[in-house]
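Below is one structure, written out as structure tokens; comments come after it.
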Amino acid sequence: MAVFTVGPIIGSLVISFTDWNLLSEPGWVGLDNYARLATDPEFINAVNVTVTYVIFGVPIFQVTGLLVALLLNLVLPGMRIFRTIMFLPTVLSGVAVAVLWQQLLSSEGAVNQILRMLGIANPPAWLTSPGWAIPAVIVIGVWGVGAGAIIYLAGLQNVPPQLYEQATIDGAGPIRTFFAITLPMLTPTLLFTVLTGIIGAFQVFDMAFILGGPKGGVGGSLSFYLLYVWGQAFGNGRLGYASALSWVFVIACAVVVILILRTADRWVFDESESR
Amino acid sequence: MTLQTIGRRRRPGTRTIAWRAVAYVALIAMSATILLPLGWMLTTALKPDFAPVFTPTPQWFPTTDWEWNNFARALLDPARPFWRYTLNTVFIVTMNIVGTVLSCSLVGYAFARLRFRGRETLFAILIITMLIPWQALLIPQFLLFYNLGWYGTMLPLIVPSFFGNAFFIFLIRQYIRSIPVELELAARIDGCNQWQVFRHIVLPLIRPVLMVCAVFVFLDSWNDLLGPLVYLIRDEDFTVAIGIANMVTSREPHLNLLMAANLIMMIPATLLYFLAQKQLVGGIASVGLKG
């Protein structure tokens, strides 16, 4: 265990202060790699792409995941079949899903044909038009939202039924019940899915590699951060610079996670406190 | 109060029926959104080379063309031998499952039952390693394997699994702690040694959690793109994921073969999903792995 994790961690930090590229002897460059980030337009673009995806993608995935879970939580005949179908994309690989959607979202693809049938004359070219590339990736993410829905569903089923009975007796309608009972009781689940959702959104790789190719799509519109790190390390062989990139990434993720956890006790319902 | 609630339940008024109808419409719409793209893929995979893939109205279900031969062509294509890629992937996946189950059950058992000095400290270290993001490890691990001379072989994709995985060790340890210790004590009294207790008492009891681990290891390594992309260089070592990625990036014209290859990639996971659905969905819900 230690050989494969702790040692490399220290190694990685050391490499990030060098200009190593496998062929030459590593030379110590101090903080140069980190200083260079500020003036690297491709780095700034990769940050932009990734942050845009996180800011728009994560809330959309959370809301749709929760809506799907609410629907799947109903007690109706045949629900098992619907649940089976909804969770199916969870097991399918990022690569295969990306390949499928690349075709569906091509400019003459099935999605645009439907949009034309619905009367939209000039649907976007999605993956090949820079402004539409991230929305396209979000659309694909919504298709696979079943993974988050499973966790929400588990959370929903842990809400004590007495609370709902009490609410019905008190005359609360379905919408009131949702905001007064379901949502507060679901906040611990929400904290978990938001955290894993953000971490997952930061780590997009397979999708970006397939949809935009190793260079990150038209005009870098799909140059997600990890794809850029991979390109620098294994495409250009700049191991020192790529190590610095990874460390910036790890620290940025840690800061975001800590910020969310810090605010958590203000909005997450804690069973043990209310007693 | 009670009368009112009973009264409400007995009367499935028009409102309830209307709500149910809305729910069913939404559920069917959702299912269609999931299934139609998959149907389109199958339809495309079954088309002959000359048939238009993008028909004016998208074809969601195979109706006219049934070129099952495309699967064989994708598998046997000399330029991209997917049968070879599939064998490689199956080999890597199997080794990963064996390695993870072996190492993690042994270590998990040790953490749960054996008393040795520094156990709690070691366990704390293990948990901390779970928090270290793999992005920080990618390059140094690459250098480690490069210096070992393993670059360009499958070893970097297999060997680490034999050294355990913090998350699965944790899962197995928790599971072992939840089973009563009396059985193991009885076996000891009957003269079993530590290994026999593990082999004949503990291992059969923890089969459910090992199943969950195996399923997750399968999905992780079957779907892995980054690892093979970094370490594999020779075509005969490639995995299915790389094969498909290369097929896409080289923009080959035969969309039907691409979709056939893609289906070959999806089928094992789908089969597993239907076979192990209960463990899988329960497992995802309890441990909260992202998809």
Side-chain angles (χ1 to χ4, degrees), chain A residues 1 3-6 8-9 11-12 15 68 71 74 76 82 84-96 99-104 108-110 113-114 143-144 147 150-151 153-154 168-169 192 196 200 205-206 209-210 213-214 226 229-230 233-234 239 242-243 246-247 249-250 253, chain B residues 1 5 20 23-24 26-27 30-31 33-35 37-38 40-41 44 54 56-58 126 129 132-133 135-144 160 163-164 166 219 222-223 225-226 229-230 241 244-245 248-249 255 258-259 262 265-266 269-270 272-273 277 280-281 284-286 288 290-291:
Chain A
M1 278 301 301
V3 178
F4 288 105
T5 47
V6 182
I9 287 269
S12 166
I15 298 164
V68 167
L71 207 52
L74 297 174
L76 289 174
F82 290 118
T84 306
I85 295 171
M86 271 314 294
F87 299 149
L88 177 61
T90 328
V91 297
L92 300 179
S93 90
V95 175
V99 170
L100 169 59
W101 279 93
Q102 186 185 43
Q103 299 310 322
L104 291 171
E108 297 306 313
Q113 286 171 352
I114 292 176
W143 185 72
I150 298 180
I151 299 168
L153 189 61
T168 323
I169 292 164
F192 178 80
T196 49
F205 180 83
D206 296 7
F209 187 85
I210 300 285
L226 283 187
V229 175
W230 174 83
F234 303 107
L239 292 179
S243 290
S246 334
W247 273 100
F249 179 81
V250 166
C253 285
Chain B
M1 197 166 78
T5 39
R20 283 191 169 190
Y24 273 117
L27 284 165
M30 256 171 21
S31 308
T33 323
I34 301 286
L35 291 179
L38 298 173
W40 180 87
M41 183 169 58
T44 309
F54 299 114
T57 42
L126 183 83
T129 62
I132 300 165
Q135 290 85 4
L137 303 173
L138 184 62
I139 292 165
Q141 263 182 358
F142 170 77
L143 290 171
L144 176 74
F163 287 83
L219 289 177
W222 181 268
N223 293 338
L225 174 68
L226 189 59
L229 205 57
V230 168
I244 290 172
V248 175
T249 40
L255 211 51
L258 177 65
M259 288 301 144
N262 212 24
M265 170 133 201
M266 283 187 179
T270 314
L272 187 75
Y273 172 66
Q277 207 193 109
L280 197 59
V281 172
I284 294 174
S286 63
K290 65 174 191 69

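Heavy-atom basis, side chains included; hydrogens, waters and symmetry copies ignored. Every chain is numbered from 1 and lettered A, B, ... according to where its sequence line falls, protein lines coming before strand lines.
Contact annotation for B:M266: both backbone and side-chain heavy atoms come within less than 4.5 Å of a heavy atom of chain A. Contacts between A:L153 and chain B at a heavy-atom distance below 4.5 Å are absent for every atom of the residue. For A:A242, the parts lying under 4.5 angstrom from a heavy atom of chain B are both the backbone and the side chain. Only the side chain of A:I15 comes within contact range of chain B, with heavy atoms under 4.5 Å apart.
At a threshold of 4.5 Å between non-hydrogen side-chain atoms, the residues A:S246 and B:L138 do not count as touching. For the pair A:L92 and B:T270, the minimum side-chain heavy-atom distance is below 4.5 Å. The side-chain heavy atoms of A:Q103 and B:T44, taken from C-beta on, include no pair separated by under 4.5 Å. Residues A:V99 and B:M265 have side chains not in contact (no heavy-atom distance under 4.5 Å, counting atoms from C-beta outward). Put simply, the side chain of A:L88 reaches to within 4.5 Å of the side chain of B:L38, judged on heavy atoms. You'll find the side chain of B:L229 reaches within 4.5 Å of the side chain of A:W230, heavy atoms only.
Listed here is the closest heavy atom pair of B:R20 and A:L76: NE-CD2, 3.6 Å. Here the closest heavy-atom approach between residue B:N262 and residue A:L100 is recorded as ND2-N, 3.7 Å. Taking all atoms of both residues into account, the shortest heavy-atom contact from A:W143 to B:T33 is NE1-O, 2.8 Å. B:A269 and A:V91 get closest at one heavy-atom pair: CB-O, 3.5 Å.
With sequence neighbours excluded, no residue forms a ring-ring contact (aromatic ring centres under 6.0 Å, His included) with A:F82.
Taking CD1 of B:I34 as the reference point, atom CD1 of A:I85 lies at 8.5 Å (rounded to 0.5 Å).
When atom types are taken as modelled, the side chain of B:Y273 and the backbone of A:P89 share no donor-acceptor pair closer than 3.5 angstrom.
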